Peer 1: 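Quick one: the structure is below, questions incoming.
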Amino acid sequence: MTSRPEIVPVILAGGRDPQLWPLTHSKRAKAFLSLGTGLSFFQRTVLRVRAFAPPLIVCDERHKELAQDQLKPIKSEYRAIIHEPESKGTAAAVALAAHYLKGQGLLMLR
């Protein structure tokens with residue numbers, strides 16, 4: 001019997017939304033906002049997907065520490081945090097995650 005590769009959730013944490021300005025800006029992506037719920041969009045997403053496996057997180061280099069800080073209060077493990085040296089959009093972030101996981105023989109859930 002062949003073993004199936006592990007499926008890893010991938011969370012893309014970034015993006016600015018002009019409709020949420022001034023709440024979002026270059027140092028604070030919309031994923032890290034908490035709009036009255038106590039938890040950010042990022043934290044709620046991590047809590048939803050962690051039943052599968054520890055997620056792989058892709059974010060802008062400026063948000064890596066913010067992502068780590070937001071993981072601490074929810075006591076959640078993660079596979080890795082990959083930071084993009086320069087934001088190039090969703091497709092580039094997905095390709096970066098796929099390349100990282102393929103090198104480890106893993107599948108991606110996005």
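Quick caveat, the model's predicted, so the values are computed rather than measured.
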Peer 1: Could I get the full list of salt bridge (charged side-chain N to carboxylate O under 4.0 Å, His left out) partners for Lys72, not counting sequence neighbours?
Peer 2: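 Testing Lys72 for salt bridge (charged side-chain N to carboxylate O under 4.0 Å, His left out), a comparison that skips the adjacent residues, returns Asp69.
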
Peer 1: With the side chain counted from C-beta on, respond yes when Phe42 and Ile11 share a heavy-atom pair under 4.5 Å apart, and no when they do not.
Peer 2: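 They are in contact (side-chain heavy atoms under 4.5 Å apart), so the answer is yes.
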
Peer 1: I need the Leu71 CG to Leu66 CG distance, nearest 0.5 Å.
Peer 2: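 The CG atom of Leu66 is 9.5 Å from CG of Leu71, to the nearest 0.5 Å.
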
Peer 1: Please determine whether side-chain contact (heavy atoms from CB on, under 4.5 Å) holds for the pair Val94 and Val10, giving the CA-CA distance in whole Å, both sets of side-chain angles, and the decisive distance to 0.1 Å.
Peer 2: CA-CA 8 Å; Val94 169; Val10 174; over 6 Å; no

Peer 1: Does any N or O in the side chain of Gln43 come within less than 3.5 Å of the main-chain N or O of Ser40, such that one atom is a donor and the other an acceptor?
Peer 2: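 A pair under 3.5 Å: yes.
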
Peer 1: Minimum heavy-atom separation for Val8 to Pro54, with atom names?
Peer 2: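 Closest heavy-atom pair between Val8 and Pro54: CG1-O, 3.8 Å.
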
Peer 1: Could you tell me if the side chain of Leu47 sits less than 4.5 Å from the side chain of Leu39, heavy atoms only?
Peer 2: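 Yes, side chains in contact.
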
Peer 1: For residues 38-55, pull every pair meeting salt bridge (Lys or Arg N to Asp or Glu O under 4.0 Å), keeping only residues two or more places apart or in separate chains.
Peer 2: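 For residues 38-55, and leaving out neighbouring residues, there are no salt bridge (Lys or Arg N to Asp or Glu O under 4.0 Å) pairs at all.
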
Peer 1: Which heavy-atom pair separates Ile57 from Ala13 by the least distance, and what is that distance?
Peer 2: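 Nearest pair, atom of Ile57 first, then Ala13: CG2-CB, 4.5 Å.
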
Peer 1: For Glu61, enumerate each residue passing the side-chain hydrogen bond (donor to acceptor under 3.5 Å, both in side chains) test, keeping only those at least two apart in sequence or located in another chain.
Peer 2: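 Counting only residues at least two positions away or on another chain, Glu61 forms no side-chain hydrogen bond (donor to acceptor under 3.5 Å, both in side chains).
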
Peer 1: Taking only residues two or more places apart in sequence or in another chain, which ones pass side-chain contact (heavy atoms from CB on, under 4.5 Å) with Lys64?
Peer 2: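 Result, side-chain contact (heavy atoms from CB on, under 4.5 Å) vs Lys64: Cys59, Gln68, Ile81, His83.
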
Peer 1: Holding to side-chain contact (heavy atoms from CB on, under 4.5 Å), I want the full list of residues that pass it with Ala80, two or more places apart in sequence or in another chain.
Peer 2: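 Partners of Ala80 by the side-chain contact (heavy atoms from CB on, under 4.5 Å) criterion, ordered by chain and then number, come out as Leu56, Tyr100.
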
Peer 1: Hey, are the side chains of Leu101 and Arg79 touching, using non-hydrogen atoms and a 4.5 Å cut-off?
Peer 2: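 Contact flag for Leu101/Arg79 side chains = yes.
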
Peer 1: Taking side-chain contact (heavy atoms from CB on, under 4.5 Å) as the definition, give me every residue that meets it alongside Ala93, ordered by chain and number, with sequence neighbours left out.
Peer 2: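 Ala93 satisfies side-chain contact (heavy atoms from CB on, under 4.5 Å) with Leu12, Val58, Glu84 once adjacent residues are dropped.
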
